[in-house]
Amino acid sequence: MQEQLSELVRQAESDISACQNPNDIMNVKAQYLGKKSLLNGLFARLRELPPEERPAFGNVINESRTKIEALLESKSSLIKEATWINREAVSATDLSMPGVYSSRGGFHPLTIVRREIDEVFLSMGFEIAEGPDIDDDFHNFDALNTPADHPSRNLADTFYLEGGGLLRTQTSTVQIRTMESFPPPIRIISPGRCYRNDKPDPSHSPVFHQVEALVVDKGISLADLTDTLSQFAAIMFGSNVSSRIRPHFFPFTEPSAEMDISCVACGGEGCRICKYSGWLEMGGAGMVDPNVFKMVGIDPEVYTGFAFGLGIERIAMLKYNIPDMRILFENDLRMLRQFKGELR
Ligand code: DAH
């Protein structure tokens with residue numbers, strides 16, 4: 001039996017080395033290790049041996065089995081490797097094979113619009129400033145002259161974080177951070193994300209984007225604000241678009257205003273988009289409140305400034321005729337693909 005076994009292993013070795021593909025491997029495996037294999041037959045014949053010889057011979061059979069298994073395993077991985085190399089060689093040389101299609105991405109409409117806004121203000125001599133999304137009460141409220149009982153501080157409106165921080169509700173935080181770090185003259189815009197505890201609806205989203213603008217120098221007046229706004233509107237929406245400001249209230253500006261542009265859809269005649277008013281709201285603005293200057297150590301007797309904040313979603317929706325803000329965040333590929341060409 002010992003001899004029969006050695007012969008079996010030799011035979012298996014040569015059969016395995018003759019294998020060319022996974023199928024051959026499978027057949028050889030069945031032949032040598034399967035239920036009806038010789039090896040299994042030998043196991044059955046163990047009973048014919050005297051009991052004291054059985055364990056030793058059982059071991060020998062097992063060793064042969066392990067050896068054949070190892071040979072099969074190594075041949076099988078050789079075959080796999082060879083197939084792989086072969087496939088690479090084929091695809092590297094067969095020029096008639098169809099190409100591998102790789103889809104090219106594009107920018108999100110919000111990115112396109114933000115970049116356009118950046119360009120407009122850069123061309124007017126503004127610089128781009130940045131601030132953190134996670135900020136604190138001081139930069140988001142206190143330094144912006146917002147009283148402790150102001151409704152915007154409410155838990156229902158502001159996302160407070162454990163440990164005392166908050167997700168900024170407005171990019172106005174960057175006004176403070178800029179004035180803390182740089183002396184006037186200052187002329188910055190700061191585009192970025194803002195967060196408010198709002199339910200998503202056609203005109204609200206808990207995450208949205210603003211562009212803040214801040215200009216501080218000697219002799220800055222409201223006329224500088226209206227002039228900047230009208231230039232921005234003309235470059236962004238076309239020279240036939242006019243702008244205006246209306247009185248409003250913000251804690252950090254005095255006087256405060258809301259900025260409108262004439263309706264880009266109807267030219268001011270009145271339509272559904274402008275709710276038949278002829279005007280579209282663009283954001284808040286005003287002259288920097290002297291209290292804000294005091295908080296950052298700028299002398300309000302020497303310097304004046306204007307600031308405004310625009311909603312980027314609003315501008316994107318107007319520019320691309322997007323009726324619902326949620327469309328901008330759902331990121332349906334059918335919507336995004338429409339902007340693929342607009343690489344900027
Ligand atoms: N931060 C204000 C908001 O989110 C918008 C705003 C109003 C920004 C007046 C300003 C400003 O810079 O001067 O509603």
Side-chain angles (χ1 to χ4, degrees), residues 104-135 139 167-182 184-195 205 207-217 220 224-239 241-243 245 253 258-261 264 280-286 288 305-322 325 327-329 331 335-336 338-344:
R104 190 166 172 211
F107 286 115
H108 191 280
L110 286 174
T111 305
I112 295 170
V113 168
R114 198 216 66 225
R115 288 183 168 210
E116 234 172 273
I117 297 171
D118 287 355
E119 286 301 317
V120 173
F121 284 108
L122 286 171
S123 78
M124 292 187 203
F126 283 73
E127 286 178 82
I128 294 177
E130 281 184 11
D133 287 22
I134 297 177
D135 215 316
H139 293 90
L167 296 179
R168 68 175 176 195
T169 62
Q170 49 190 352
T171 45
S172 304
T173 51
V174 188
Q175 289 188 33
I176 304 302
R177 291 190 170 273
T178 305
M179 290 190 286
E180 278 174 337
S181 308
F182 302 99
I186 291 169
R187 195 172 355 168
I188 57 110
I189 59 160
S190 186
R193 259 188 211 123
C194 302
Y195 307 81
S205 162
V207 182
F208 59 100
H209 300 78
Q210 293 185 332
V211 183
E212 194 78 11
L214 173 70
V215 174
V216 181
D217 204 348
I220 297 293
D224 296 304
L225 166 63
T226 51
D227 192 51
T228 306
L229 173 63
S230 78
Q231 275 198 54
F232 168 75
I235 303 175
M236 200 69 197
F237 294 102
S239 53
V241 171
S242 52
S243 60
I245 57 171
T253 40
E258 264 194 334
M259 311 180 287
D260 298 334
I261 60 168
V264 295
L280 299 166
E281 277 178 29
M282 282 283 107
V288 179
F306 73 77
F308 60 80
L310 301 164
I312 300 185
E313 280 76 9
R314 175 100 167 121
I315 297 176
M317 288 164 74
L318 287 172
K319 255 197 112 87
Y320 296 120
N321 223 341
I322 297 171
M325 195 185 283
I327 293 173
L328 288 169
F329 295 101
N331 288 328
M335 184 279 285
L336 293 177
Q338 296 179 44
F339 295 92
K340 250 167 104 167
E342 307 217 24
L343 286 174
R344 269 173 239 209

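Everything numeric in this text was worked out from a predicted model, so none of it was measured. Positions are given from 1, in the same order as the sequence printed here.
Contact between Q175 and A307 at its shortest, heavy atoms only, is NE2-CB, 3.3 Å. The shortest non-hydrogen separation linking I312 to P191 is CD1-CB, 4.4 Å. Here the closest heavy-atom approach between residue G286 and residue L225 is recorded as N-CD2, 4.0 Å. Residues I322 and A316 approach most closely at CD1-O, 4.3 Å, considering heavy atoms. For the pair E313 and F329, the tightest heavy-atom approach, listed with the atom from each and the gap, is OE2-CZ, 3.2 Å. In this structure, L214 and F126 approach most closely via the heavy-atom pair O-CE2, 4.5 Å.
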Please report the C-alpha distance between M317 and I327 in whole Å, then the side-chain angles of each, then the deciding distance to 0.1 Å, and finally whether the side-chain contact (heavy atoms from CB on, under 4.5 Å) criterion is met.
CA-CA 9 Å; M317 288 164 74; I327 293 173; over 6 Å; no

Please evaluate residues L110 and R193 with respect to the criterion side-chain contact (heavy atoms from CB on, under 4.5 Å), reporting the C-alpha separation (whole Å), side-chain torsions for both, the decisive distance (0.1 Å), and the verdict.
CA-CA 11 Å; L110 286 174; R193 259 188 211 123; over 6 Å; no

Please evaluate residues E212 and V174 with respect to the criterion side-chain contact (heavy atoms from CB on, under 4.5 Å), reporting the C-alpha separation (whole Å), side-chain torsions for both, the decisive distance (0.1 Å), and the verdict.
CA-CA 8 Å; E212 194 78 11; V174 188; 5.5 Å; no

Please walk me through it: do H209 and V113 pass side-chain contact (heavy atoms from CB on, under 4.5 Å)?
CA-CA 11 Å; H209 300 78; V113 168; over 6 Å; no

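Judged as a side-chain contact (heavy atoms from CB on, under 4.5 Å), and not counting sequence neighbours, the contacts of F182 are T178.
A 4.5 Å side-chain heavy-atom check between P109 and Q338 finds every atom pair outside the cut-off. Between V215 and I186 the shortest side-chain heavy-atom distance does not fall below 4.5 Å. In this structure, Q231 and M124 have side chains that are in contact, with non-hydrogen atoms separated by less than 4.5 Å. For the pair V211/T171, no side-chain contact is recorded, criterion being any heavy-atom separation below 4.5 Å from C-beta on.
Rounding to the nearest 0.5 Å gives a distance of 8.0 Å between CG of L229 and CD1 of I245. To the nearest 0.5 Å, atom CG of residue L328 and atom OG of residue S205 are 9.0 Å apart. Distance CG/D260 to CE/M282: 8.5 Å, rounded to 0.5 Å. Taken to the nearest 0.5 Å, the CG atom of L318 stands 6.0 Å off from the CD1 atom of I261. Residue T228 holds its OG1 atom at 12.0 Å from CD1 of I189, rounded to the nearest 0.5 Å. The structure places CD1 of I117 at 9.0 Å from CZ of R114, a figure rounded to the nearest 0.5 Å.
Counted within 6.0 Å of CD on E130, heavy atoms from surrounding residues, nucleotides or ligands total 12 or fewer; the atom is thus considered open. N321 CG: 12 or fewer foreign heavy atoms inside a 6.0 Å radius.
F107 and F339 have their aromatic ring centers separated by at least 6.0 angstrom.
Of the N and O atoms on the side chains of Q210 and Q170, not one donor lies less than 3.5 Å from an acceptor on the other residue.
Using a 30° and 60° split on the angle between ring planes, F308 and F121 fall in the tilted class, from 30° to 60°. Relative ring orientation between F237 and F232 is described as perpendicular, the plane-to-plane angle rising above 60° on a 0-90° scale split at 30° and 60°.
Side-chain atoms of R314 come within 3.5 Å of backbone N or O of E281 as a donor-acceptor pair.
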